[in-house]
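A, B, ... follow the sequence lines: proteins, then strands. Residue 1 opens every chain. Every value quoted in this text rests on a predicted model; they were computed, and no experiment measured them.
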There are 2 protein chains.
Amino acid sequence: MTLAQLRYLVAIADAGLNITLAAERVHATQPGLSKQLRQLEDELGFQLFVRKGKSLDAVTRAGEQVLERARTILAEAANIRAIAANLRQETSGELRIATTHTQARFALPAAIGALNLRYPEVSVHLQPGRDGEVLAQLDEDRADIAVISTVGAPPATGIALPAYRWQRVILVPQGHPLGASGKPPSLEDLAALPLVSYDSSLRDDSSLRRAFEAVGLRPQIAMTAGDADLIKTYVRAGLGIGVLAEMALLDSDTDLNPLPADHLFAQCTTWIVLRRETVLREYVLEFIARFAPHLDRRDVSRALTADATPIEWPAAPHWRERTAG
Amino acid sequence: MTLAQLRYLVAIADAGLNITLAAERVHATQPGLSKQLRQLEDELGFQLFVRKGKSLDAVTRAGEQVLERARTILAEAANIRAIAANLRQETSGELRIATTHTQARFALPAAIGALNLRYPEVSVHLQPGRDGEVLAQLDEDRADIAVISTVGAPPATGIALPAYRWQRVILVPQGHPLGASGKPPSLEDLAALPLVSYDSSLRDDSSLRRAFEAVGLRPQIAMTAGDADLIKTYVRAGLGIGVLAEMALLDSDTDLNPLPADHLFAQCTTWIVLRRETVLREYVLEFIARFAPHLDRRDVSRALTADATPIEWPAAPHWRERTAG
DNA sequence: CGCGTTTACGTCGTTCGTAACGATA
DNA sequence: TATCGTTACGAACGACGTAAACGCG
């Protein structure tokens with residue numbers, strides 16, 4: 001059993017049992033992986049994969065067990081390398097951030113910009129996805145950190161650090177009667193109008209739906225879109241009034257009128273989620289410090305090793321205040 | 001970085017930074033380890049050990065970090081091999097039990113005998129030690145399981161499975177007045193007499209001492225010994241009356257008179273302690289099943305992976321009942 | 001002077017890539 | 001027939017052991 005064999009093993013599993021594809025990903029040849037896999041199976045004395053003809057068809061039950069162990073071995077090996085790289089003060093590397101579109105488009109640019117200034121040799125990869133996918137990417141070691149929002153409690157998987165809190169806003173075209181009245185809209189007002197919001201608001205457990213249902217109303221969702229830019233586009237087109245994250249407001253959106261919705265919807269929290277027992281590169285800590293300045297570097301390190309006390313909120317930085325600072 | 005390098009690394013650390021000794025233990029040559037260690041340090045880019053002249057003097061701070069990770073890597077590699085060995089139904093191997101003398105001498109023989117009958121190719125190593133040492137041995141991967149007793153809660157480190165419960169007994173020579181009265185002795189009776197008990201009863205936190213202190217008495221400990229056989233010897237010699245574990249009573253002790261002490265001292269529990277995240281060989285499960293028959297094999301496996309619900313007591317098997325069965 | 005580490009060197013095993021072959025849809 | 005996995009072979013690397021030199025107490 002060698003580290004290379006284990007690396008090949010998980011590469012094959014992650015490539016959907018396609019050895020050729022796995023070989024490309026690990027920068028090796030297909031016969032090499034094939035042979036190493038066979039040798040590993042010979043040494044262990046059982047099949048890791050079920051063969052159908054020559055192809056791999058499935059992972060055996062025992063293979064799953066081995067895969068799980070192999071993953072933690074490789075993760076710890078990566079940790080050792082990270083310790084070394086930090087000690088050597090290496091400034092190059094990569095940062096894979098799994099996140100949703102809203103975060104990537106509106107919340108992250110400032111922090112990523114600052115990171116790039118301080119560590120120009122670090123290449124950042126934004127990996128968009130829905131909430132579930134984002135956490136899965138982190139879990140499967142396909143991302144280094146995840147940035148994700150919830151309405152209430154932190155996500156269950158991984159270690160969640162609170163980054164910031166935000167509210168939703170109502171977005172109407174300039175001159176729309178809802179904005180003209182001068183007083184903030186009520187849920188009844190909104191229920192009477194066609195809404196444009198995120199795709200996720202179609203889900204039964206979406207916080208938007210639940211806010212309406214809590215008072216016995218049913219929102220009329222005219223259309224949904226994957227990102228805020230699209231929502232704004234359709235609000236402009238008059239398809240309906242928008243409900244979206246306040247971060248999505250830009251100074252250039254002068255033709256749109258944002259109305260507060262703090263009193264209608266629960267506050268949201270954006271979290272930085274990390275894998276347990278992971279050694280972070282210096283520049284990742286730097287990124288976290290930029291993105292969530294209230295998090296002490298030592299808090300982050302401590303949260304990673306032990307299941308320590310949850311991080312407490314600071315004097316609640318609000319989004320607008322943060323960007324102003 | 002290779003698995004061999006990591007293995008050498010922890011071997012050197014465990015050998016007290018003596019490379020030659022470490023080389024013997026891993027069945028390799030000293031120059032081999034020396035070179036591999038250097039190569040690992042070169043690859044990582046920093047010193048794992050502090051050199052004093054040519055010798056290794058200490059582990060560096062970063063070295064400690066790496067060592068910890070290396071240990072879990074090796075443990076997981078061992079787990080993979082254990083999965084394989086179990087699947088192949090291998091019947092040979094070793095079982096290293098870290099435990100105290102009382103357990104080794106009186107409680108374990110039956111289970112070890114049964115294990116040897118079923119798995120004659122398994123070599124059992126009993127590794128005696130005091131309570132703290134026993135758990136340390138388990139923690140440092142120098143034992144596969146630990147068997148240890150406490151008065152109240154289970155030991156904090158590792159996963160503790162309750163094995164059985166027992167009481168202490170008072171042991172006096174035949175014809176001693178304490179046994180002649182016919183009624184069980186009181187703490188006052190005992191406090192007036194010289195006692196012979198385990199070395200551990202000298203500790204301030206010993207349960208023997210605390211039982212007396214709880215009622216404002218101070219026991220008069222005439223002498224202590226490391227094991228029950230010695231205690232019995234000195235009770236026979238008339239040095240005092242014995243206080244020891246009921247398991248230590250043998251049918252052949254006809255010249256000694258055991259008096260119940262259930263009403264004087266708190267009940268003790270003997271635990272089987274395992275390391276977290278460890279794959280046990282089949283024969284270890286077999287041993288556990290023999291030693292603590294009320295533990296379901298699946299309970300054991302489940303307890304190892306997750307921090308699951310603690311095992312509950314069955315219809316409280318008492319020591320005497322168990323040996324009778 | 002002995003113990004322990006490093007350096008030097010030769011051998012052996014192993015891995016890896018290239019190329020050809022085979023099976024499967 | 002195209003795709004994917006296996007077999008075969010040769011070259012290169014690397015690990016290991018033996019033997020000798022070096023430092024230190």
Query raised in the report: Between A:His27 (NE2) and C:dG17 (C1'), how many Å, whole number?
Result: 16 Å
Report task. Sort out for me which residue in A:Leu6, A:Val66, A:Leu9 forms a side-chain contact (heavy atoms from CB on, under 4.5 Å) with A:Met1. Result -> A:Leu6
Query raised in the report: With no hydrogens and no angle check, do the side chains of A:Gln103 and A:Ser149 hold a donor and an acceptor under 3.5 Å apart?
Result: yes
Query - Distance, rounded to the nearest Å, where B:Gln30 contributes CD and D:dA15 contributes P - result: 17 Å
Query raised in the report: End-to-end bend of the helix from C:dC1-D:dG25 to C:dA25-D:dT1 (five-pair axes, 10° rounding)?
Result: 30°
Query raised in the report: Between B:Thr20 and A:Thr2, which is nearer to the 5' end of DNA chain C once each is assigned its nearest nucleotide?
Result: B:Thr20
**Report entry** D:dA15 phosphate, OP1 or OP2, under 4.0 Å from B:Tyr8 side-chain N/O
**Finding:** no
Report summary line: Taken to the nearest whole Å, CG/A:Leu37 to P/D:dG5 is 11 Å
Report task. Indicate whether any N or O donor in one side chain lies under 3.5 Å from an N or O acceptor in the other, for B:Gln39 and B:Asp42. Result -> no
Report task. Provide, to the nearest angstrom, the distance between the CD atom belonging to B:Gln39 and the C1' atom belonging to C:dT6. Result -> 14 Å
Query raised in the report: Between C:dT5, C:dA23, C:dT7, which nucleotide gets closest to the side-chain atoms of B:Lys54?
Result: C:dT5
Requested in this report: With heavy atoms under 4.0 Å as the rule, sort B:Gln36 into base, sugar-phosphate or nothing.
Outcome: sugar-phosphate
Requested in this report: Return the value, rounded to whole Å, for the distance between atom CD of B:Glu24 and atom C1' of C:dC3.
Outcome: 12 Å
**Report entry** Nearest-angstrom distance from the residue atom CG of B:Leu33 to P of D:dC16
**Finding:** 8 Å
Query raised in the report: If only side-chain N and O atoms of A:Asn18 are considered, is one of them under 4.0 Å from the OP1 or OP2 phosphate oxygen of D:dT3?
Result: no
Query raised in the report: What are the two closest non-hydrogen atoms of B:Pro155 and B:Val273, and how far apart are they?
Result: CG-CG2, 3.8 Å
Query raised in the report: Within this structure, what is the NZ-to-C1' distance between A:Lys35 and D:dT7, rounded to whole angstrom?
Result: 9 Å
Query - Distance-only polar pair, side chains of B:Thr91 and B:Glu121, donor-acceptor under 3.5 Å - result: yes
Report task. Determine the contact category for A:Phe49: base if any of its heavy atoms lies under 4.0 Å from a base atom, sugar-phosphate if only primed atoms, P, OP1 or OP2 are that close, otherwise nothing. Result -> nothing
Query raised in the report: When we call it a touch if two heavy atoms are under 4.0 Å apart, what does A:Leu17 touch: a base, just sugar-phosphate, or nothing?
Result: sugar-phosphate
Query raised in the report: Taking the nucleotide of DNA chain C with the closest heavy atom to each, which residue, A:Lys52 or B:Leu56, is nearer the 5' end?
Result: B:Leu56
Report summary line: Here the distance between atom P of C:dT6 and atom CZ of B:Arg51, to the nearest Å, is 6 Å
**Report entry** A:Arg96 (side chain) donor-acceptor with A:Ala146 (main chain) under 3.5 angstrom
**Finding:** no
Query raised in the report: Roughly how far apart are B:Arg38 CZ and B:Leu48 CG, rounded to 0.5 Å?
Result: 11.5 Å
Report summary line: Against the side chain of B:Pro31, the closest entry in D:dT7, C:dT5, C:dT7 is C:dT7
